[in-house]
Amino acid sequence: MTPEPKFTPVKDLTYSQAITELENILRQMQSDALDIDMLASYTRRATELLTECRQRLTATDEELKSILPK
């Protein structure tokens, strides 16, 4: 069985780092360079990255709405 890859916790990444990692995972999947044994791990990681990025975007949007006049 292939060992799980070691990832930096998503909360420890900047938004840009998370997007870059997500782009790299997608590129690997599109090029068939990703080992099939690792597919589930990288799919799970991509989901975590997407969730975190969406949460940060939503939080930033809400903060900006509270700061900017209507």
Side-chain angles (χ1 to χ4, degrees):
M1 183 167 198
T2 306
E4 287 281 318
K6 295 195 188 279
F7 297 114
T8 301
V10 176
K11 296 282 186 193
D12 293 344
L13 298 175
T14 65
Y15 180 82
S16 294
Q17 290 170 325
I19 291 294
T20 299
E21 185 176 338
L22 183 58
E23 288 171 344
N24 288 338
I25 291 170
L26 291 174
R27 208 172 0 269
Q28 285 181 318
M29 287 178 171
Q30 290 171 340
S31 71
D32 297 328
L34 187 59
D35 186 320
I36 192 70
D37 295 325
M38 303 298 286
L39 184 58
S41 295
Y42 280 94
T43 300
R44 193 174 312 111
R45 178 62 172 186
T47 301
E48 291 172 357
L49 292 165
L50 280 170
T51 300
E52 180 66 21
C53 288
R54 283 186 186 134
Q55 288 173 350
R56 290 184 192 185
L57 286 171
T58 300
T60 300
D61 183 53
E62 290 172 5
E63 185 177 354
L64 288 173
K65 285 179 182 175
S66 73
I67 294 170
L68 298 173
K70 294 182 180 186

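For the single chain, residues carry numbers from 1 onward in sequence order.
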Taking Ser66 for its side chain and Glu63 for its backbone only, find out whether a donor-acceptor pair lies under 3.5 Å.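 Confirmed, Ser66 side chain pairs with Glu63 backbone.
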Contact check, side chains of [X] and [Y], non-hydrogen atoms, under 4.5 Å:
X	Y	value
Asp61	Leu57	no
Glu21	Arg45	yes
Glu48	Phe7	no

When rounded to the nearest 0.5 angstrom, what distance separates OH in Tyr42 from CE in Met29?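 Between Tyr42 OH and Met29 CE, I get 9.5 Å after rounding to 0.5 Å.
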Nearest 0.5 Å, please: how far is OG1 in Thr43 from CG in Leu34?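 One gets 7.5 Å once the value is rounded to the nearest 0.5 Å.
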Starting from the C-alpha separation in whole Å, work towards a yes-or-no answer on side chain to side chain contact (heavy atoms under 4.5 Å, CB included) for Gln17 and Asp12. CA-CA 9 Å; Gln17 290 170 325; Asp12 293 344; over 6 Å; no
Looking at Arg56 and Glu52, does any basic side-chain N land under 4.0 Å from a carboxylate oxygen? yes
State plainly whether one hydrophobic cluster holds both Leu26 and Tyr15, where clusters connect Ile, Leu, Val, Met, Phe, Trp and Tyr through side-chain heavy atoms under 4.5 angstrom apart. no
Path from Val10 to Ile19 over hydrophobic side-chain contacts below 4.5 Å: no
Where is the tightest heavy-atom contact between Leu22 and Leu49, given as atom of each residue plus distance? N-CD1, 3.8 Å
